[in-house]
Amino acid sequence: MAEPLVKVILDTSIYIPFINAGISHPILELEYGTPLLYMSAVVMEELYAGASDNNTIKLLDRLYRTFEDLGRLIAPDASDWQKTGKVIAKFGQKYGFEEKFLTKITNDVLIALSARQIGAIVVTHNTRDFLRIKEFVDFKVYGEI
């Protein structure tokens with residue numbers, strides 16, 4: 001019997017060590033199924049924003065085109081932005097309105113909502129923030145399954 005395909009969105013924190021040093025994440029060897037990778041447009045933006053040279057940008061262009069050609073590029077829609085604003089308000093009420101944290105967590109909320117759109121698992125090295133997001137958004141994050 002073939003292993004089931006499990007939809008996965010890798011967070012930026014997984015791509016950066018891979019791009020910089022070729023270090024992969026064990027998600028590629030899931031115990032409960034074969035990962036089917038999707039790309040969050042938010043992650044793509046973060047990767048481009050951190051690109052330090054033209055070779056990295058060319059690599060990211062190829063990565064973007066690959067996911068786009070496969071139909072596996074996921075972007076937040078208008079309701080995701082609305083939900084993100086509401087979640088950020090709840091975060092601020094619960095944890096305080098430190099601007100740097102709320103700005104950083106905004107992208108993570110958008111990634112979580114994008115994953116939820118397609119029933120994907122978010123895989124991240126930033127588990128703490130994503131588990132906080134789970135207080136307000138129902139989605140799957142690697143490690144809690």
Side-chain angles (χ1 to χ4, degrees), residues 2-52 56-57 59-145:
E3 289 186 334
L5 293 177
V6 179
K7 294 177 182 177
V8 172
I9 291 180
L10 302 179
D11 180 39
T12 309
S13 66
I14 302 298
Y15 282 103
I16 291 172
F18 178 75
I19 290 169
N20 290 340
I23 300 169
S24 65
H25 190 277
I27 188 69
L28 301 176
E29 301 166 7
L30 282 175
E31 301 166 6
Y32 47 86
T34 302
L36 183 61
L37 296 181
Y38 284 76
M39 174 60 76
S40 165
V42 177
V43 169
M44 204 72 241
E45 178 275 328
E46 289 180 335
L47 292 171
Y48 274 111
S52 59
T56 303
I57 291 172
L59 171 71
L60 293 173
D61 287 343
R62 282 192 3 228
L63 186 65
Y64 178 88
R65 280 192 305 274
T66 299
F67 280 102
E68 186 176 46
D69 290 348
L70 291 170
R72 290 196 246 146
L73 185 63
I74 305 301
D77 61 21
S79 68
D80 290 330
W81 283 97
Q82 177 198 33
K83 290 172 194 162
T84 297
K86 289 179 177 183
V87 168
I88 298 304
K90 290 177 184 176
F91 256 100
Q93 292 165 6
K94 183 168 184 177
Y95 295 109
F97 284 93
E98 181 188 335
E99 186 175 332
K100 183 179 177 186
F101 172 74
L102 293 181
T103 300
K104 178 179 165 282
I105 203 82
T106 297
N107 280 357
D108 291 344
V109 174
L110 288 166
I111 292 165
L113 289 168
S114 296
R116 189 172 79 171
Q117 274 184 32
I118 61 168
I121 300 167
V122 175
V123 177
T124 183
H125 287 305
N126 183 14
T127 310
R128 191 180 110 227
D129 286 349
F130 278 93
L131 289 177
R132 277 185 171 180
I133 293 167
K134 277 192 67 60
E135 294 176 40
F136 308 104
V137 177
D138 183 27
F139 74 104
K140 298 174 193 153
V141 62
Y142 184 70
E144 61 118 27
I145 302 166

Expected output: side-chain Tyr48 to main-chain Asp61 donor-acceptor under 3.5 Å: yes

Qualifying side chain to side chain donor-acceptor pair (under 3.5 Å) pairs with a residue from residues 81-94, counting only residues at least two apart or across chains: Lys94-Glu135

For Tyr64 against Leu73, the heavy-atom pair lying closest together: CE1-CD2, 3.3 Å

Lys140 backbone acceptor or donor facing Lys134 side chain under 3.5 Å: no

Any residue meeting ring-ring contact (aromatic ring centres under 6.0 Å, His included) with Phe136, in chain and number order, not counting sequence neighbours: Phe91

Sequence-distant partners of Asp80, salt bridge (charged side-chain N to carboxylate O under 4.0 Å, His left out), two or more places apart: none

Leu36 side, atom CG; Leu5 side, atom CG - distance, nearest 0.5 Å: 5.5 Å

Reported CD1-to-CD1 distance for the pair Ile88 and Ile133, which is rounded to 0.5 angstrom: 7.5 Å

Pairs under 3.5 angstrom only: tabulate donor-acceptor contacts from the side chains of residues 106-114 to other protein residues two or more places apart or in another chain.
| residue | atom | partner | partner atom | Å |
| --- | --- | --- | --- | --- |
| Thr106 | OG1 | Leu102 | O | 2.7 |
| Asn107 | ND2 | Glu46 | OE2 | 3.0 |
| Asp108 | OD2 | Asn126 | ND2 | 3.3 |
| Ser114 | OG | Leu110 | O | 2.9 |

Distance-minimising heavy-atom pair for Val141 and Phe130: CG2-CB, 3.9 Å

Test side chain to side chain contact (heavy atoms under 4.5 Å, CB included) applied to Ala75 - qualifying residues, sequence neighbours left out: Ala41

Reported OH-to-OG1 distance for the pair Tyr142 and Thr127, which is rounded to 0.5 angstrom: 10.0 Å

CD-OG distance between Gln117 and Ser40, expressed to the nearest 0.5 angstrom: 9.0 Å

With Leu70 via side chain to side chain contact (heavy atoms under 4.5 Å, CB included) - residues at least two apart: Thr66, Arg72

Between CZ on residue Arg65 and CG on residue Leu60, distance to nearest 0.5 Å: 10.5 Å

Qualifying salt bridge (charged side-chain N to carboxylate O under 4.0 Å, His left out) pairs, either residue in residues 116-133, two or more places apart: Lys104-Asp129

Pairwise distance OG1(Thr12) to NE2(His125) - rounded to 0.5 angstrom: 11.5 Å

Partners meeting side chain to side chain contact (heavy atoms under 4.5 Å, CB included) with Ala120 (sequence neighbours left out): Lys7, Ile9, Ala115, Ile118

For Ser52, all residues meeting side-chain hydrogen bond (donor to acceptor under 3.5 Å, both in side chains), sequence neighbours excluded: none

